[in-house]
Student: 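The structure's right below; bear with me while I get my questions together.
Atoms within each ligand, like the ligands themselves, are counted from 1 in listed order. Note that the numbering runs from 1 along the sequence shown for the chain.
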Amino acid sequence: MHETRYTADVAALDPDRYAPVDHPGVTVPEDRRCWSVSWPGYAPVDITPPALRPLALTQHVPDWAERHATPDLVPDWAERQAHALVSFELERGWPLHPHGRTGRTGRNLGWWGENAAADPIVVAGTGEQRWVLLITRDDIGVVAIPGGMLNPGETAPAALVRELREETGVDLADQQPTILGRQVVADWRTTDHAWVASTSALYQLPEQVTATAGDDAADAGWFPFNTLDQLDAAVTAAGRTLYAAHRPLLQRALEYLTQQS
Ligand code: RP5
């Protein structure tokens, strides 16, 4: 059964099979998403960027990435599974995306398996006068929560504070956020074997504070935040697009705020 569940990863070693990192991948019908459903012909697209391909890794390992060319070389899967924000399984030493097939293979993130991120959602004001602090990412140009990956050994609470400070200049180290959830994020770099799971947390301020775009941010600013539609409209009016992967996180924050009021 295992031979038919997933067969395509040898493609990761074939240089002719690589696609651009923003390739959408093959379409995965909903009824074939689950790993337990046999799909012998499944041929996900490899989006591994040049810097993370096996040959390149023998020459140089980027400081944001692990050195293993394929995940079956990773020695500590049991520990990574034990500490994962969202549990996942392994198949012959390859980690499987917790939500099933993605249509893409290879690695376009620092780590195989789960890449832990932290997403601080900072809200100011109440009622009609409520705002959320967002950045424009300088890599893909979308408006997003000022989050980022955890550094090795770093805790989520520490990463929430650090990322917020680095990307917006806002220091909320003395505030206690509300953890809203730990979830897989539909990050654009996701593949079957490397994905992002994030701790999202809510900070509530009485009023806006000054935000300045820093690391990884082309811009930082406050947007009206009573409904997702209202936020969408404001982001569109600013000539930008809301990062689709962060919509569920922002929706959860809105639901929490609604329950509170
Ligand atoms: C998102 O990318 C996560 O939710 C988090 O906001 C961010 C982490 O990636 P980097 O900003 O570190 O590239 O998917």
Side-chain angles (χ1 to χ4, degrees), residues 21-22 24-25 47-49 51-52 62-66 84-86 88 95 97-99 102 104 106-123 132-170 172 177-203 211-221 223 225 228 231 235 240-254:
V21 296
D22 60 353
I47 63 159
T48 306
L52 297 183
D63 60 5
W64 48 271
E66 67 174 320
L85 294 176
V86 178
F88 65 91
H97 190 290
H99 294 175
T102 67
R104 308 196 303 178
R107 170 172 60 130
N108 187 16
L109 286 160
W111 301 77
W112 290 105
E114 181 178 285
N115 290 256
D119 281 306
I121 300 173
V122 183
V123 170
V132 64
L133 178 57
L134 300 175
I135 58 151
T136 300
R137 290 189 62 105
D138 68 1
D139 49 5
I140 54 172
V142 294
V143 173
I145 300 165
M149 301 297 180
L150 270 61
N151 290 329
E154 187 178 38
T155 63
L160 287 162
V161 169
R162 178 184 54 75
E163 284 291 337
L164 183 65
R165 193 191 305 119
E166 288 177 0
E167 298 196 0
T168 70
V170 174
L172 297 184
T178 302
I179 302 296
L180 294 175
R182 297 171 181 87
Q183 61 276 301
V184 172
V185 176
D187 188 279
W188 77 98
R189 297 160 287 195
T190 300
T191 69
D192 287 349
H193 309 297
W195 60 89
V196 178
S198 164
T199 300
S200 60
L202 180 68
Y203 291 87
T212 319
D215 281 4
D216 305 332
D219 198 5
F223 291 84
F225 194 50
L228 217 47
L231 175 60
V235 170
R240 307 215 176 100
T241 305
L242 189 60
Y243 179 31
H246 281 172
R247 296 176 74 91
L249 281 62
L250 292 164
Q251 182 61 44
R252 186 184 291 201
L254 281 167

Student: Return the minimal non-hydrogen interatomic distance between Leu109 and Trp64, and the atom names on each side.
Tutor: C-CZ3, 4.1 Å
Student: Under 4.0 Å, counting heavy atoms only: does Glu163 come that close to any atom of ligand 1?
Tutor: no
Student: Mind checking whether Met149 has an N or O less than 3.5 Å away from an N or O of ligand 1?
Tutor: yes
Student: Identify, for atom 9 (O) of ligand 1, the protein heavy atom at the shortest distance, and state residue, atom and that distance.
Tutor: Arg189 NH2, 3.0 Å
Student: As an exercise, identify every atom of ligand 1 less than 4.0 angstrom from a heavy atom of Asp187.
Tutor: 1 (C), 2 (O), 14 (O)
Student: Please report the C-alpha distance between Asp216 and Glu166 in whole Å, then the side-chain angles of each, then the deciding distance to 0.1 Å, and finally whether the side chain to side chain contact (heavy atoms under 4.5 Å, CB included) criterion is met.
Tutor: CA-CA 8 Å; Asp216 305 332; Glu166 288 177 0; 5.9 Å; no
Student: Evaluate Arg137 for polar contact with ligand 1, using N/O atom pairs at a separation under 3.5 Å.
Tutor: yes
Student: May I ask you to decide if Ser198's main-chain N or O and Gln183's side chain share a donor-acceptor pair within less than 3.5 Å?
Tutor: yes
Student: At a 4.0 Å threshold, what atoms of ligand 1 neighbour a non-hydrogen atom of Gly148?
Tutor: 5 (C), 8 (C), 11 (O), 12 (O)
Student: Which heavy atom in Pro120 sits nearest to a heavy atom in Gly147, and how many Å separate them?
Tutor: CD-CA, 3.8 Å
Student: N/O of Glu167 under 3.5 Å from N/O of ligand 1, yes or no?
Tutor: no
Student: Run the contact test for Trp188 against ligand 1 with a 4.0 Å cut-off on heavy atoms, strictly below, and give the result.
Tutor: no
Student: Any idea how Trp188 and Tyr243 line up, ring-wise: parallel (<30°), tilted (30 to 60°), or perpendicular (>60°)?
Tutor: perpendicular
Student: Taking all heavy atoms of Ile121 and all of Ser200, pick out the closest pair and write down the distance.
Tutor: CD1-CB, 4.5 Å
Student: Using a strict cut-off of 4.0 Å, indicate which atoms of ligand 1 neighbour a heavy atom of His246.
Tutor: 1 (C), 3 (C), 4 (O), 6 (O)
Student: Over all heavy atoms of both residues, which pair between Leu134 and Pro146 is shortest? Give the atoms and the distance, please.
Tutor: CA-CD, 4.4 Å
Student: What atoms of ligand 1 come closer than 4.0 angstrom to any heavy atom of Val185?
Tutor: 4 (O), 14 (O)
Student: Just need the protein heavy atom nearest to atom 4 (O) of ligand 1, so name the residue and atom and give the distance.
Tutor: Asp119 OD2, 2.6 Å
Student: Please find the pair of heavy atoms, one from Ala186 and one from Ala245, that lie closest to each other, and give the distance.
Tutor: O-CB, 3.3 Å
